[in-house]
Amino acid sequence: GDSVTQMEGPVTLSEEAFLTINCTYTATGYPSLFWYVQYPGEGLQLLLKATKADDKGSNKGFEATYRKETTSFHLEKGSVQVSDSAVYFCALSDRVNYGGSQGNLIFGKGTKLSVKP
Amino acid sequence: GAGVSQSPSNKVTEKGKDVELRCDPISGHTALYWYRQSLGQGLEFLIYFQGNSAPDKSGLPSDRFSAERTGGSVSTLTIQRTQQEDSAVYLCASSPRQGRGLSYEQYFGPGTRLTVT
């Protein structure tokens, strides 16, 4: 079945450092790819998405490019801030009725990011 | 506009009791999902509703779990005879529309933290 693998944390960085969180996936159909973020004490928020190969999703200085050839969707940010401290989840959603999918999200296990001032 | 709301935010119950968790999706969203977030299992898909169609129950962990959606809007997740392993955060998400070959991002509520003692 479909699955998502992301790098395990925790990841600790200094402010203004470069961030990469690796994410790879397996899917039978044509998935959309997402990064969700969960700030301390809050719910899941959509950070960015990409719906087809070579699409780049971006938001709040974060970027990720849908790479079909390497089945990857790595999250990057050039200069992290303390306020970026959160847990980041990579997820995919296969198209409805492809491989039995109902469009539900399949998540990686999450990567906790701590940014120190 | 208003986001997805869930109630209660916290629920503590004794083992063996039944609990009901409520979700109000974003107005106009026809697709509704329930997920469970626990330390050991990460984020797991539970059940999916599309409009007034019969739900996809493929993710429910046991027959003690059931859900209904009234009028294509509000949903209730019921756990009967709760067990300690049911302790988790239960998340509801809604999406504008799901259909064959389509996939849309999902918007999450704040969750209900269930503790079974």
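Each chain gets a letter, A, B and so on, in the order the sequences are listed, and its residues count up from 1.
With values rounded to the nearest 0.5 angstrom, B:Leu39 atom CG is found 11.0 Å from A:Lys109 atom NZ.
With a threshold of 4.5 angstrom between heavy atoms, A:Gln45 does not approach chain B through any atom at all. Looking at A:Leu44, the atoms closer than 4.5 Å to chain B (heavy atoms on both sides) sit in the backbone and in the side chain alike. Of the two parts of B:Gln37, only the side chain, counted from C-beta on, holds a non-hydrogen atom closer than 4.5 Å to a non-hydrogen atom of chain A.
Taking the six-membered ring for Trp, A:Phe107 and B:Phe45 have ring centres at least 6.0 Å apart.
Follow the hydrophobic side-chain contacts under 4.5 Å out from A:Leu113 and you never reach A:Phe89; the two are in separate clusters. Hydrophobic clustering of Ile, Leu, Val, Met, Phe, Trp and Tyr side chains at less than 4.5 Å, counting indirect connections, unites A:Tyr39 with A:Trp35. Both B:Leu114 and B:Leu46 belong to a common hydrophobic cluster when Ile, Leu, Val, Met, Phe, Trp and Tyr are linked at side-chain heavy-atom distances under 4.5 angstrom.
Within a 6.0 Å sphere centred on CD of A:Glu42, other residues, nucleotides and ligands contribute more than 12 heavy atoms. Within a 6.0 Å sphere centred on CD of B:Glu14, other residues, nucleotides and ligands contribute 12 heavy atoms or fewer. In this structure, A:Glu16 places its CD atom where only 12 or fewer heavy-atom neighbours from other residues, nucleotides or ligands lie under 6.0 Å away.
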| message | Could you walk me through whether A:Asn104 and B:Tyr33 satisfy the side-chain contact (heavy atoms from CB on, under 4.5 Å) test, starting with their C-alpha distance in whole Å, then the side-chain angles of each, then the deciding distance to 0.1 Å, before giving a yes or no? | response | CA-CA 7 Å; A:Asn104 53 288; B:Tyr33 297 82; 3.8 Å; yes

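The two residues A:Leu105 and B:Gln106 come nearest to each other via the heavy atoms CD1-OE1, 3.5 Å.
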